[in-house]
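Okay, so here's the structure we're looking at.
All heavy atoms count here, side chains included; hydrogens, waters and symmetry mates do not. Predicted model only: the values in this text are computed from it and were never measured.
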Amino acid sequence: MCGRYTQTASPENLMFRFGLTDQGFTVQPRYNLAPGQDAPTVISEGPRVLRMMHWGLVPSWAKDAFIGNRMINARSETITEKRTFKALLDRKRCLVLADGFYEWQKRERGKLPIRFVLKDRGPFAFAGLWDSWRKPDGSELQSFTIITTGANDLLRPVHERMPVILDRKYEEEWLDLDLTNTARLIPLLKAYPSRDMEAYCVSKMVNSPTNDRPECIQAVDNFSVE
DNA sequence: CCAGACGTTGTT
DNA sequence: GTCTGG
DNA sequence: CCAGACGTTGTT
DNA sequence: GTCTGG
């Protein structure tokens with residue numbers, strides 16, 4: 001699954017990497033991004049635009065926002081069967097911008113946090129779905145969920161599931177609202193290849209979501225990831 | 001037809 | 001144990 | 001995901 | 001809103 005991640009790339013870097021056309025947005029580097037917080041996403045409105053959205057999907061029909069606590073992920077295997085997600089697959093797809101994510105491995109001594117990144121250390125996009133919910137005060141809450149799949153070889157010793165990182169060449173297709181045959185999108189939701197990823201142990205400082213500092217992504221000496 | 005759910009993960 | 005908040 | 005709270009009444 | 005269960 002995916003319950004914590006990082007997005008440390010600069011706005012300039014993100015504009016270049018994701019072909020954004022909007023100017024002047026601000027994105028703070030995030031070393032410990034947790035559910036319930038606002039995070040940068042990209043959607044297509046013809047041109048691609050950056051949108052800050054709330055992590056934890058609150059569907060349009062929700063009576064209150066609490067459901068978002070339990071909707072931080074969506075299983076790719078059942079995404080066309082589950083009411084809530086199926087409805088969003090047509091026109092509510094987004095890229096969730098990131099450059100790493102954390103998983104906790106259970107050891108005898110407790111849980112050990114591990115950061116996963118691409119070997120090139122560059123930004124990437126999780127496959128996401130989003131929706132808009134009307135708050136009691138009339139304003140709109142835009143929120144998203146991150147799609148998950150079975151773990152690849154690198155993840156498997158740590159955790160059975162992992163977030164879907166879109167192959168770069170499929171990002172355009174994922175955002176394309178003119179694409180009407182959404183069945184074509186399902187094959188894109190695969191585990192990213194292990195050979196293009198790396199993992200390293202980090203400090204337990206990352207356990208608390210209140211710690212959002214560069215030290216969170218520093219490698220620590222520990223037993224090797226196995 | 002209406003009522004009620006709508007989700008994931010991990011753990012038991 | 002379970003839920004909320006971050 | 002993890003951390004931290006989880007409750008009422010009455011009084012100050 | 002949309003689907004499932006009764």
- [ ] Inspect the contact between A/Glu173 and A/Arg184 and indicate whether a charged nitrogen and a carboxylate oxygen are less than 4.0 angstrom apart.
- [x] yes
- [ ] Assign A/Ala62 to base, sugar-phosphate, or nothing according to its heavy-atom contacts below 4.0 angstrom with the strands shown.
- [x] nothing
Task: Proximity to DNA chain C (any heavy atom under 4.0 Å), residues of residues 34-45 of chain A only - done: A/Ala34, A/Pro35, A/Gln37
TODO: Indicate whether OP1 or OP2 belonging to B/dA5 is found under 4.0 Å from a side-chain N or O atom of A/Lys82.
DONE: no
Task: Cationic N near anionic O, under 4.0 Å, A/Asp167 to A/Lys169 - done: yes
Open item on the list: Does anything in residues 4-51 of chain A form a ring-ring contact (aromatic ring centres under 6.0 Å, His included)? List the pairs, not counting sequence neighbours.
Closed with: A/Tyr5-A/Trp55, A/Tyr5-A/Phe126
- [ ] Answer yes when A/Arg75 and A/Glu81 have at least one side-chain N-carboxylate O distance shorter than 4.0 Å, and no when they do not.
- [x] no
TODO: Look at A/Arg161 and B/dT9 and indicate whether a side-chain polar atom (N or O) is within less than 4.0 Å of OP1 or OP2.
DONE: yes
- [ ] Considering only NZ, NE, NH1 and NH2 on the basic side and carboxylate oxygens on the acidic side, decide whether A/Asp178 and A/Arg91 come within less than 4.0 Å.
- [x] no
- [ ] Would you classify A/Leu57 as touching base, sugar-phosphate or nothing, given that sugar-phosphate means primed atoms plus P, OP1 and OP2, and contacts are heavy atoms under 4.0 Å?
- [x] nothing
- [ ] Could you check whether A/Tyr5 gets within reach of a base, just the sugar-phosphate, or nothing at all, counting any heavy atom under 4.0 Å?
- [x] nothing
Open item on the list: Across nucleotides 1-6 of chain E, 5' to 3', mark each nucleotide with B, S or - according to how protein heavy atoms within less than 4.0 Å reach it.
Closed with: BBBS--
TODO: Drop me the distance from A/Arg161's CZ to A/Leu155's CG, to the nearest 0.5 angstrom.
DONE: 11.0 Å
Open item on the list: Salt bridge check, A/Glu198 against A/Arg121: does any charged N sit closer than 4.0 Å to a carboxylate O?
Closed with: yes
- [ ] Could you list all the salt bridge (Lys or Arg N to Asp or Glu O under 4.0 Å) pairs where at least one residue sits in residues 14-42 of chain A, not counting sequence neighbours?
- [x] A/Arg17-A/Glu171, A/Arg30-A/Asp212
- [ ] Using the P atom on both, measure B/dA5 against D/dG7 and round to a whole Å.
- [x] 23 Å
- [ ] Pull out every stem in DNA chain D, meaning runs of 3 or more consecutive Watson-Crick or G-U wobble pairs with both distances under 3.5 Å.
- [x] C:1-6 with D:1-6
TODO: Could you list the residues that satisfy side-chain contact (heavy atoms from CB on, under 4.5 Å) with A/Thr84, not counting sequence neighbours?
DONE: A/Leu57, A/Pro59, A/Trp61, A/Met71
Open item on the list: Do the side chains of A/Asp196 and A/Lys119 get close enough for a salt bridge, i.e. N-O under 4.0 angstrom?
Closed with: no
Open item on the list: At 4.0 Å (heavy atoms only), tell me whether A/Thr145 reaches a base, stays on the sugar-phosphate, or touches nothing.
Closed with: nothing
